[in-house]
Amino acid sequence: MTEKSCGVLDEEEFYKCCRLLLQQSEQLRDGWSWEAVQGSEGYLKKTALRPVPAPQREEESGSHPQMHSTCNPSPQPPQEEQPVCVASSDPSSSSDELEDEDDNSCWVAENIGLMFQFEYHILYSCSYAVPVLYFRAFTLEGRSLTLGEVWSCVHPNFRICLQSCPLNAISQQEHPLLGQPFFVFHPCRTEDFMKPMLQAAQDQHRTVNYVLSWLSVVGPVVGLDVSLNYSLERLPGAPPCSPRQH
Amino acid sequence: MASDISEASSSTADLKLQFAPFSSALEAGFWHQLTQKKLNDYRLDESPKCIKGYYYNGDPVGLPTRLTLEFSAFDVDGPTPARCCPAVGTLYNTNTLDAFKNTDKKALLEKEAAEIWDAIQSGAALKNPSILCRFILLTFADLKKYHFYYWFCFPALCFPEGIKVVQEPVVLDQVFSAKQIAALREAYDGLCVSRGTTAVPYFLMKYSDDAVHMAPLEDWEAFFTDTKKVTVGVYDPCTLSQHPGWPLRNLLVLLATQWGSKLDVVEVLCFRDRTLQGSRSIQHSLVFRVKLPELPSSSVCPKSVGWEKNPKGALGPRMVNLSECMDPKRLAESSVDLNLKLMRWRLVPSLDLDKVVNTKCLLLGAGTLGCNVARTLMGWGVRRITFVDNAKISYSNPVRQPLYEFEDCLGGGKSKALAAVDRLTKIFPGVNAEGFNMSIPMPGHPVNFSQATLSQAQKDVEQLEKLISEHDVVFLLMDTRESRWLPTVIAASKRKLVVNAALGFDTFVVMRHGLKRPPNSQTVSTESDSSPSCSSASSSSSTPAGSAPRVPGSSLFSNIPGHKLGCYFCNDVVAPGDSTRDRTLDQQCTVSRPGLAMIAGALAVELMVSILQHTEGGYAVASSSDDRMNEPPTSLGLVPHQIRGFLSRFDNVLPASLAFDKCTACSPIVLDHYEREGFSFLSKVFNSSHSFLEDLTGLTLLHQETQAAEIWDMSDDDSI
């Protein structure tokens, strides 16, 4: 048995790390939750709503110069929106009869720009024995964004740097538990970049939460920041979660 | 807006309370789940269904007041996300767009409002105040196009005169001390614990300088012993600093109905509770006072509003197009492309995939080679694949030709070109495949039996010329030598890249044809290229036009630029003719080791891809076996002229050879005749024996010279 740590973790340790992360998240109230799926399986989930970055906003709102401030973004080309108008231009439709007298007195417009919803899932990959980040992003209408649109949400300074780095291994896959299309960070290099991190921690006799450390590397690529408080606030009495040792 | 407020505050009497309405927020999973429900459970059932959404009071400033529905919306008894309030709604999913349009929205709203009104009057809303925050969702799911039409309604009962603000909204820390704020937080957390939840939508509140007490709505009578000062709390999803969110509206109607006679002014706490970077704050909650208006009648349901406005700001439905993320065909396309991009991750960062994917490929022959080439092209994400073949699928084909099955052989067999297209489309619907069931006229196979055969041949030639013009790369994958002649001539004339694969029993050749320079630039080098002194191919390499001088010591055949490379026929000293005549069956059919076609087919595509990655494309200098140790010219490696494989030795070599000035297919004289005379020249070739082309190119003369030389050689030997 050597003292060398390897860059993987087994399923049981994965769940342990997740529980620890959830405990801290509960204190930090940053929105991680555990979604159980039939059987013992499940995944960590977090959603976040973010304003659309400026360049994209111009591009998209360009097609809706009259768009009302309270409305959801609708990045589809105008011709795809036509059917919406069909309904309201129909004389039998209810737009007239629903004329809202209430508006002037009781209704206030929120001055809100375009928003994208992000959904992040952390699952365990048995084949690679590492955590895997699945994610998708969508408009407030529920239309999933393409990978290109997701990248456009990453700050331009990061974009150039990240697109040329190994973390740009994003593929599209069916979510193993939900059966819906998600983007996924390919896990084949996770072990490689985790190994030195775990080794350094071990050399300095620090305990690390594998899932948390890993998340702090891959998360920021798609706008998922991990609060520094996770590292500052050591939970009293919480069991340390260390990588598998050989 | 701020100036409006300050002006209004000077005349508080006129200030009416305004609410921020909910914006609907749907997660992608909601539409996936609705699709599943529609297909598996609801089918044609249009009856109302119970669904669930939630709202949150912890958003940072700038986010819209939302009611969110996710994939779990259909599980009404399922858990609500922590610290969120559930909202129960009614889903009306119509079967047609007409039904969606013609649904009486006013009636739906009134029905829902009446239920809320009943619950308010009966007092049921006190026990279960979440009924005050109900919603309606009207949908139509067009599952052919994956278009979803929808319209939300958040019913709110109205006071006809509005609600007068007595004391305008201020943030909590302007009226509460730090101690009171801490006590309020504690009281709220305590209420949550006692209710067994993480969020309470409505609550009652009493406070002094150092204590805050809370109780659920139903405890009103016990909690407020006198009604001089009444404070109600509402879990508020709005982030505006001067306005409450929608959930307060129906609560005020409830208060007016239940205690309006005793109450004049009500204090409202819009409870907002956010945590940023681990630090929790409620001091940005709003506090204000309103005069509780009277309802005109205690028995008639008040007027109601609540249909959501669409992106144009009008009362109207919305539509979302989800074909990109739900149409399996679109999904397959984006997955294939993303998977290819993984290659660029570490292995080949500079790989230009677009060049490959956008290449239009013409496959002449849809047999063993054609099938394997097509599959490898699909693997590279190539979208445009066109087959030309005149054969039908026979019983022996499916085991070696991976695009066909036993069924395809029945009833005389399907046309290969058409069946291959069907199968490609089945494998990957994103492919743009076409098939042409046609013959390619060949030298030595006369077409002049009748006027009909002649005009058919002319049509076939024209079709082939058109196809070659329309594509970027021509693959020669036929089973005879002579059938490759016509496309070689046409492609050389049109300067199209040709990749050629041919099989023996356990040997193969995969090669690119030399790509002639564009017609205008060629005039410069015509002299050296068609130097009449060439009696052998090698001599022309001693006068390379415009190419780098040969490195001393390198072989004669190194560093041949793409435009000087030979074609399939350049190494032959006989013109193509009918190779199937006077042959036994095993000589007529391609009899080869079964793995050979897969190897050669795959190599043909990989050669094409490597050529495309070279900055000079088809003009790239040919790599040879000697270059295996050198710096490769492309990110994918070498760009050879030929790959000759020997399966018996499991060995490949990479020879390169020069274009032959007497070549029966690509020599200037043949191209010149073809370009000037067109079909009349071609028909002469088809109808004549070998000698026509051999005479034309000077091969006949060459034969005579060679024979003469051999005689001299022999006589020399004899003399020894």
Side-chain angles (χ1 to χ4, degrees), chain A residues 27-30 33 47 49 51 64 66-68 70-72 74 76 80-81 83-88 90 92-95 97-100 102 105-108 110-112 115 117 119 136 138-144 146-147 164 166 168-173 178 180-181 186 227 229 233, chain B residues 16-21 23-32 58-59 62-66 71 81-83 100-102 104-106 147 149 158 162 240 243 275 277-278 280 305 307 309-322 324-325 331 334-335 338-339 342 345-346 349:
Chain A
Q27 291 201 337
L28 297 170
R29 294 189 162 201
D30 67 348
S33 63
T47 57
L49 190 69
H64 320 288
Q66 302 298 317
M67 195 159 71
H68 199 277
T70 51
C71 294
N72 295 331
S74 177
Q76 292 141 10
E80 299 203 347
E81 280 187 12
V84 175
C85 304
V86 172
S88 53
D90 181 347
S92 70
S93 107
S94 43
S95 60
E97 61 190 273
L98 283 178
E99 205 46 73
D100 198 341
D102 172 63
S105 57
C106 284
W107 188 84
V108 63
E110 289 181 284
N111 191 18
I112 301 287
M115 296 283 160
Q117 306 179 82
E119 189 177 332
R136 61 181 169 184
F138 30 86
T139 65
L140 286 177
E141 295 165 319
R143 183 186 68 85
S144 290
T146 61
L147 191 55
S164 55
N168 186 23
I170 296 172
S171 183
Q172 191 170 39
Q173 265 180 29
L178 298 181
Q180 294 166 10
H186 206 277
S227 169
N229 291 309
E233 292 171 26
Chain B
K16 297 274 173 67
L17 190 61
Q18 291 182 310
F19 303 86
S23 296
S24 56
L26 294 153
E27 294 194 356
F30 174 81
W31 296 120
H32 283 276
D59 283 331
L63 297 192
T65 304
R66 298 174 323 284
F71 74 99
R83 290 181 290 279
F100 177 88
K101 285 192 230 169
N102 297 331
D104 187 341
K105 281 93 184 171
K106 205 175 173 195
H147 288 183
Y149 298 80
C158 301
L240 297 176
H243 300 279
T275 304
Q277 293 294 319
R280 181 181 173 192
V305 294
W307 286 100
K309 295 189 173 182
N310 67 15
K312 294 181 178 66
L315 281 172
R318 297 160 184 252
M319 190 275 282
V320 57
N321 178 352
L322 299 186
E324 205 71 55
C325 52
L331 282 173
S334 51
S335 295
L338 281 173
N339 246 26
L342 286 180
W345 177 18
R346 268 211 172 162

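The sequence lines fix the lettering, A, B, ..., with proteins before strands; numbering per chain opens at 1.
- Your options are Cys325(B), Pro81(B), Gly58(B), Ala28(B), and the one with the most heavy-atom pairs under 4.5 Å with chain A is Ala28(B).
- Both the backbone and the side chain of Ala20(B) come within less than 4.5 Å of a heavy atom in chain A.
- The two atoms that bring Glu141(A) and Pro311(B) nearest to each other are OE2-CG, 4.3 Å, heavy atoms only.
- Both the backbone and the side chain of Arg29(A) come within less than 4.5 Å of a heavy atom in chain B.
- Here Leu49(A) is the residue among Thr47(A), Leu49(A), Thr146(A) with the most heavy-atom pairs under 4.5 Å with chain B.
- Interatomic distance, CG of Leu331(B) versus CD of Gln180(A), reported as 11.0 Å (0.5 Å rounding).
- The shortest heavy-atom contact between Leu140(A) and Pro64(B) is CD1-CG, 4.3 Å.
- In this structure, the separation between OG on Ser171(A) and CG on Leu338(B) is 5.5 Å, given to the nearest 0.5 Å.
- The closest side-chain heavy-atom distance from Leu178(A) to His32(B) is not below 4.5 Å.
- Taking the side chain as every heavy atom from C-beta outward, Ser334(B) and Leu147(A) never approach each other to under 4.5 Å.
- No part of Ser33(A) comes within reach of chain B, as not one of its non-hydrogen atoms sits under 4.5 angstrom from that chain.
- In this structure, the side chains of Leu322(B) and Arg143(A) come closer than 4.5 Å at one or more pairs of heavy atoms.
- Side chains of Gln117(A) and Glu27(B) form a contact here, defined as non-hydrogen atoms less than 4.5 Å apart.
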